[in-house]
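Please read the structure below before turning to the comments.
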Amino acid sequence: MTEQTLEVAEDRGVEVIFTHDDMDLGQQVTNLTTYLGDESIDAAVTFPADPASLNPIAQDYMDAGKYWVTYGGDLENQDSTLQFSFEEAGCTLSEDAAQWADETLDGEGTALVLVDETIQIGQERTDGLLNCLETSAPGLEIITQQAVTPDEGLSATNTVLAQNPDVDVVLAAAGDAAQGAYQALVESGRDTDDDETYLGGLDGNGSLFASMKAGTFVRGIVTPSFDELAMQIIDLPVALGEGSADEVVDLPTYLITADSEELDAYIEAFGAAE
């Protein structure tokens, strides 16, 4: 998404600087503290590694006359927040998996849901996944495991497969966890094109998009549009400066499947972000 954001910034005549925190709280605090004293910085758009720890820094930015946009959640101290239909996204994925299970498994089977209870975006997505799966697929037995990263997804899925080798559906609140789940299923002996397996995740993931394109059991990815996100990353702070911004901008998300006309565009967009 970096390239798309740079293109929007250039079009709007805005300078944008990216930091590389890798969700490391210490590095994020260091970077934000450094740029707090930079008079050329008018706004920060930040995905907090730890919301409680970032609240004081957000207030420092606001006290310094800079705008603070929280990306992917809410802070107590913020001028606006950029979100992307967290609970609805989870529900969209669960309903697609439920329809597949009804058509393929007569609605019966076992579903593993890799949840994220650590931060707001994960909690709301998890609520959407579980609530809608229970409602739309009452015949599925649901197992939950906490997992966010590929390694966590791999480990959690392996743990469940050891006791439940015939898991039919795996859904992940984080796309990276779904990537690890895919690896675990394949390493357990599952054919990549197994007709009776459904793997789905939330957020774009380059590996999952490529696997979907190749015709594997990666069947659903729910993600916002990179182009729409890039525009808001630039336009929302600008709107704050103009006094015309909303307190909450909640973008739609889209279900991408192997049949989606947009699949190639998402693969290209994700590649550009990488």
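For the numbers below, each heavy atom of this structure counts, side chains included, while hydrogens, waters and symmetry mates do not.
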Close side-chain approach of Leu93 to Arg125, heavy-atom, < 4.5 Å: no

For Asp38, the side chain to side chain contact (heavy atoms under 4.5 Å, CB included) test, sequence neighbours excluded, returns Tyr35, Ser40, Ile41

Partner residues of Asn164 under the side chain to side chain donor-acceptor pair (under 3.5 Å) criterion, sequence neighbours left out: none

Using a distance-only test with no angle check, is there a side-chain donor-acceptor pair under 3.5 angstrom linking Asp22 and Gln27? no

Under the salt bridge (charged side-chain N to carboxylate O under 4.0 Å, His left out) test, residues paired with Asp264 that sit two or more places apart: Lys213

Hydrophobic cluster of Val248, others only, ordered by chain and residue number, side-chain cut-off 4.5 Å: none

Using distance only, find each side-chain donor-acceptor pair of residues 6-15 under 3.5 Å and give its atom names and separation, not counting sequence neighbours.
residue : atom : partner : partner atom : Å
Arg12   : NE   : Asp235  : OD1          : 2.8
Arg12   : NH2  : Asp235  : OD2          : 2.9

Taking side chain to side chain donor-acceptor pair (under 3.5 Å) as the definition, give me every residue that meets it alongside Asp168, ordered by chain and number, with sequence neighbours left out. none

Checking Ser188 now: which residues fulfil side chain to side chain donor-acceptor pair (under 3.5 Å) with it, not counting sequence neighbours? none

Looking only at the side chains, is there a donor atom on one of Gln99 and Glu103 sitting less than 3.5 Å from an acceptor on the other? yes

Holding to side chain to side chain donor-acceptor pair (under 3.5 Å), I want the full list of residues that pass it with Asp63, two or more places apart in sequence or in another chain. Gln59

In residues 175-187, what donor-acceptor pairs under 3.5 Å come from side-chain atoms, sequence neighbours left out?
residue : atom : partner : partner atom : Å
Asp176  : OD1  : Asn205  : ND2          : 2.9
Gln179  : OE1  : Asn205  : ND2          : 2.9
Gln183  : NE2  : Glu187  : OE2          : 2.8

Do Gln123 and Phe86 make a side-chain contact, defined as non-hydrogen atoms from C-beta onward lying under 4.5 Å apart? no

Would you be so kind as to tabulate the donor-acceptor pairs closer than 3.5 Å made by side chains of residues 48-55, with sequence neighbours excluded?
residue : atom : partner : partner atom : Å
Asp50   : OD2  : Ser53   : N            : 3.1
Asp50   : OD2  : Ser53   : OG           : 2.4
Asn55   : OD1  : Glu76   : N            : 3.0
Asn55   : OD1  : Asn77   : N            : 3.0

Quick check: do Tyr266 and Ser225 have side-chain heavy atoms less than 4.5 Å from each other? yes

Through direct or indirect side-chain contacts below 4.5 angstrom among Ile, Leu, Val, Met, Phe, Trp and Tyr, which residues connect to Leu154? none

Contact check, side chains of Val222 and Glu88, non-hydrogen atoms, under 4.5 Å: no

For the CG atom on Asp106, are there more than 12 heavy atoms of other groups (residues, nucleotides or ligands in this structure) within a distance under 6.0 Å? no

Please, which pairs that meet side chain to side chain donor-acceptor pair (under 3.5 Å) have at least one residue in residues 241-254, sequence neighbours excluded? Glu228-Tyr254

